[in-house]
Amino acid sequence: MSSFRRDFITKPIFSWARGVLPSMSDTEREALEAGDVWWDADLFAGNPDWSKLLNQAPATLTAEEKAFLNGPVDELCVMLDDWKINWEWRDLPPEVWDFIKQKKFFGMIIPKEHGGLGFSPYAHSEVVRKLSSRSLAAAVTVMVPNSLGPGELLMRFGTKEQQARWLPRLADGRDIPCFGLTSPEAGSDAASMIDSGVICKGTFEGREVLGLRLNWHKRYITLGPVATLLGLAFKAYDPDHLAGNVDELGITVALIPTDLPGVSIGHRHLPAMQVFQNGPNWGKDVFIPMDYIIGGQTRLGQGWKMLMTALAAGRGISLPSLSAAGAAYAARTTGAYARIREQFGISIGKFEGIEEPLARIAGIAYLLDGARRLTCAALNEGRHPAVISGIMKLQATERMRIAIDDAMDIHGGKAVIDGPQNYLGSLYRSVPVGITVEGANILTRNLIVFGQGAIRAHPYLLQEMNALGEQDHAKGLDAFDDAFWKHVGHSVVTLFRAFGRSWTGGMFAPAPDAGEATGFYRQLSRYSSAFALCADMALLTLGGALKRKEMLSARFGDILSELYLLSAALKRWQDEGRQAADFAALEWCMASGFRTIESRFAEILANLPNRFVAVILKFVVQPFGARVLGPSDRVVHECAQLVLEPSAARDRLTPDLSHVDDDRGVARLEKAFLLVTGAEEISKRMRAAHLHDWQEAVKRGVITQAEGEQLKAAHEAVAGVIEVDDFAPETLSPIYKKPADVHSFFQELGGQRAAS
């Protein structure tokens, strides 16, 4: 029976599919093969196993990692003056560079046997998180050597000799690394790279060896201006067949000491006024021996796969950690500011117009840190979830942008006027950097999340594609027959599953016993089955053309992203003991995410080219239309309250940030917040007596002298927070040498205009 099916039913489908299957470039295939799948596969299958998620061990820190966070990281935070770093020094001061090297911040991920700290991905994430809340320049400086770069590539792919030589030097800071990937001709499209390495014989350290002669131009390279060891991506060529029979070997990665002849280090870029070291570099006829290729000669042409494998983990740590910290920082500072700042005689945090963005900031902070922790839990186990890492980089940086914009709006002029007292300006300016680096978000959303997820996370699609690409026709047909009919069976089951769950509103969808959150699990089960069905139908009706339907792909990617992020929020609530006080934040996340999911389904069904299939899908998965409107006013109000009062819930929402008592910026704000909330009852008695002068209130016996002094201290603290910086003209511009020059300059300028 199976042979009859294969020969008379499957074979024509196999032949047709082979003819329409779009070609796949080597870089595309290597990107797809990099990393692995995890919870994303459950979501893509349409029937997530919630026990798998809830049984996942939370990410935790070792005693040594905790000591590092409470010791060297806190010490480093005290050394950092963000205003001076950005506007006076334009760099980290020498003592900070020395401390970072001495305490092995550059070697956090390097194993102890090679002189590093041997920390987990979660510890790496926690360090970046805390530093980000104090100085972005310091956070970026520390995180880059511990993410995509020579260190990680050497650990994964380097030879034992390379590891023994370079890793100890990277760990203790004798070498500062950077990685050169982006060039003027090739950003996201690495296949367009023109940087080259030609295999030839040359003289190196006094002897003739086989190696490569390199020519390159790279830009946007973080730590590039100060790096002593450059990881370089280039295309390798072997025109004389000195290493084999292939002319074009493909993208390769190598180690380049920056003191080699022909290497030129450019001046610094200034990325959105952020002063972490970043700049271009060039190489002209730079000769390196073969053993400078990471992994040695056998790794020629394997560079892109190596990079994608490393990126599958790195993208899930650095920028998501910075973004989650930014959102939590915005929640803590903006909640405090909205609480102490009064307009029209009341705290602005009591206005519903302020509550809405404040709840959004708090909800984003809760969501992102839950997703960060869940992703780190997978990374701690040695997984490399490529699709999830892409989701995390994209969604974390985009949602940080929303949170910071809301924070700026609530702060108003306080966050606009720059100076040492402005604790938001630097974070606001940094947002475009996170959006752009490690893969531009537009490309990631429109092509990568769903495009990579559809192939990697789908239970059968990759098997079918591999079978279609099999050179042995008979072997390919057998493999395709097996995968294709399993796919058909899966699709039929998914159809009935999606139909039943959609028409019943998810009432009977599987969910764990999770108390108040049980219904949220049911809805995610419902949406997961609808997503799996719609994705299958889009792939069936569009085939390879779906790759060019970027807006459709983006909408599918948004649904997959929401499914993952909301799963992470539920996991966080479970791991933290189902805290009743935090439930409003969870409710906000769910209502907002469900609204996005339903809107994206409606947009997909309205734009799917095959209208017959679209009508059927609408009947099955969204018979009553998009009905979730987002968080209710009650949820918005309760979520905003989480950051407007001192509480354990506020501390859980904004954990592990830097708290340096320097009587400036955030420290001044926190003191005022505690004083104002501590004097709330005193203020209420004054308002009830229609009094504004505390001294008058003391005379009338409304409050005691001690209470009056307490209220006075709160008012003075608020005045100190509301205060913004101003500068003498000569401190801002070299035009003015002393204050009197301001008037004489403009008088002279006016006279020149009058004469003309």
Side-chain angles (χ1 to χ4, degrees), residues 125 128-130 132-134 136 139 272 318-339 348-349 353-373 391-412 414-416 422-436 441 445 558 561-562 565-566 568-569 572 582 584-593 595-596 630-631 635-636 639-644 649-658 666 669:
S125 175
V128 170
R129 178 183 173 84
K130 182 172 278 192
S132 296
S133 64
R134 183 66 179 169
L136 287 167
S318 296
L319 286 172
S321 302
L322 189 152
S323 300
Y329 180 87
R332 193 168 186 92
T333 56
T334 309
Y337 187 79
R339 180 66 180 81
I348 65 172
I354 298 296
E355 282 186 339
E356 187 174 11
L358 199 57
R360 189 160 50 237
I361 297 170
I364 288 172
Y366 189 88
L367 185 75
L368 289 189
D369 211 45
R372 177 186 72 94
R373 296 181 199 178
I391 288 172
M392 284 301 297
K393 188 274 171 180
L394 163 67
Q395 295 294 335
T397 55
E398 288 292 344
R399 290 171 198 243
M400 176 182 67
R401 168 156 56 185
I402 295 169
I404 302 307
D405 282 350
D406 281 335
M408 293 291 291
D409 287 347
I410 293 173
H411 278 80
K414 169 65 180 175
V416 170
N422 187 336
Y423 44 78
L424 276 177
S426 181
L427 183 58
Y428 176 73
R429 283 185 293 273
S430 75
V431 168
V433 180
I435 296 289
T436 303
N441 281 3
R445 176 174 180 260
D558 288 347
S561 296
E562 291 291 345
L565 295 175
L566 296 180
R572 174 180 182 174
D582 302 352
L586 182 65
E587 278 189 291
W588 188 95
C589 293
M590 293 296 146
S592 298
R595 174 178 56 192
T596 299
V635 170
V636 167
C639 189
Q641 295 307 305
L642 292 175
V643 292
L644 287 170
R650 179 177 183 255
D651 291 337
R652 282 192 299 271
L653 186 70
T654 61
D656 307 321
L657 303 179
S658 172
V666 177
L669 173 65

Could you check whether any side-chain heavy atom of [X] comes within less than 4.5 Å of a side-chain heavy atom of [Y], counting everything from C-beta outward?
{"X": "Arg372", "Y": "Leu368", "value": "no"}
{"X": "Leu424", "Y": "Tyr329", "value": "yes"}
{"X": "Ser430", "Y": "Leu427", "value": "yes"}
{"X": "Arg595", "Y": "Pro631", "value": "yes"}
{"X": "Val643", "Y": "Arg332", "value": "no"}
{"X": "Met400", "Y": "Leu322", "value": "yes"}
{"X": "Pro357", "Y": "Ile410", "value": "yes"}

Tyr366 backbone acceptor or donor facing Arg572 side chain under 3.5 Å: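 Looks like yes, one N/O pair under 3.5 Å.
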Please check if the side chain of Thr397 supplies one atom and the backbone of Leu394 the other of a donor-acceptor pair under 3.5 Å.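 Answer holds: yes.
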Practice prompt. Check salt bridge (charged side-chain N to carboxylate O under 4.0 Å, His left out) between Glu355 and all other residues, then give those that pass, not counting sequence neighbours.
Written response: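 Per chain and number, Glu355 pairs via salt bridge (charged side-chain N to carboxylate O under 4.0 Å, His left out) with no residue.
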Next on the checklist: Which residues pass the salt bridge (charged side-chain N to carboxylate O under 4.0 Å, His left out) test with Lys130, not counting sequence neighbours?
Outcome noted: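 With sequence neighbours excluded, Lys130 shows a salt bridge (charged side-chain N to carboxylate O under 4.0 Å, His left out) to Asp74, given in chain and number order.
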For Arg129, is there an ion pair with Asp369 - N to carboxylate O distance below 4.0 angstrom?
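Yes, Asp369 and Arg129 are salt-bridged.
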For the residue pair [X] and [Y], what are the closest heavy atoms and their distance?
{"X": "Val636", "Y": "Ala359", "value": "O-CB, 3.4 Å"}
{"X": "Ala272", "Y": "Val433", "value": "CB-CG2, 3.9 Å"}
{"X": "Thr333", "Y": "Leu669", "value": "O-CD2, 3.5 Å"}
{"X": "Ser132", "Y": "Ala139", "value": "OG-CB, 3.4 Å"}
{"X": "Ala336", "Y": "Arg650", "value": "CB-NH2, 3.9 Å"}
{"X": "Ala568", "Y": "Ala371", "value": "CB-CA, 3.4 Å"}

Report the distance from atom [atom1] of [X] to atom [atom2] of [Y], rounding to the nearest 0.5 Å.
{"X": "Asn441", "Y": "Thr436", "atom1": "CG", "atom2": "OG1", "answer": "7.5 Å"}
{"X": "Ser321", "Y": "Asp656", "atom1": "OG", "atom2": "CG", "answer": "11.5 Å"}
{"X": "Asp651", "Y": "Leu642", "atom1": "CG", "atom2": "CG", "answer": "11.5 Å"}
{"X": "Arg399", "Y": "Ile404", "atom1": "CZ", "atom2": "CD1", "answer": "14.5 Å"}
{"X": "Ile435", "Y": "Arg401", "atom1": "CD1", "atom2": "CZ", "answer": "4.0 Å"}
{"X": "Ser318", "Y": "Lys393", "atom1": "OG", "atom2": "NZ", "answer": "12.0 Å"}

Inset, instruction - Classify the side-chain pair Asp406/Thr334 by whether it contains a donor and acceptor separated by less than 3.5 Å. - result: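 Distance-only check fails for Asp406 and Thr334.
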Practice prompt. For Arg134 and Ser658, test the side chains for any donor-to-acceptor distance below 3.5 angstrom and give the result as yes or no.
Written response: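 Side-chain D/A pair, Arg134 to Ser658: absent.
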Open item on the list: Around atom CD of Glu356, are there more than 12 heavy atoms from other residues, nucleotides or ligands closer than 6.0 Å?
Closed with: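 Open.
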Trace of the side-chain contact (heavy atoms from CB on, under 4.5 Å) decision for Val416 with Asn422 = CA-CA 8 Å; Val416 170; Asn422 187 336; over 6 Å; no
- Mind checking what makes ring pair (Phe, Tyr, Trp, His ring centres under 6.0 Å) contact with Tyr423, not counting sequence neighbours?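 Tyr423 satisfies ring pair (Phe, Tyr, Trp, His ring centres under 6.0 Å) with His411 only.
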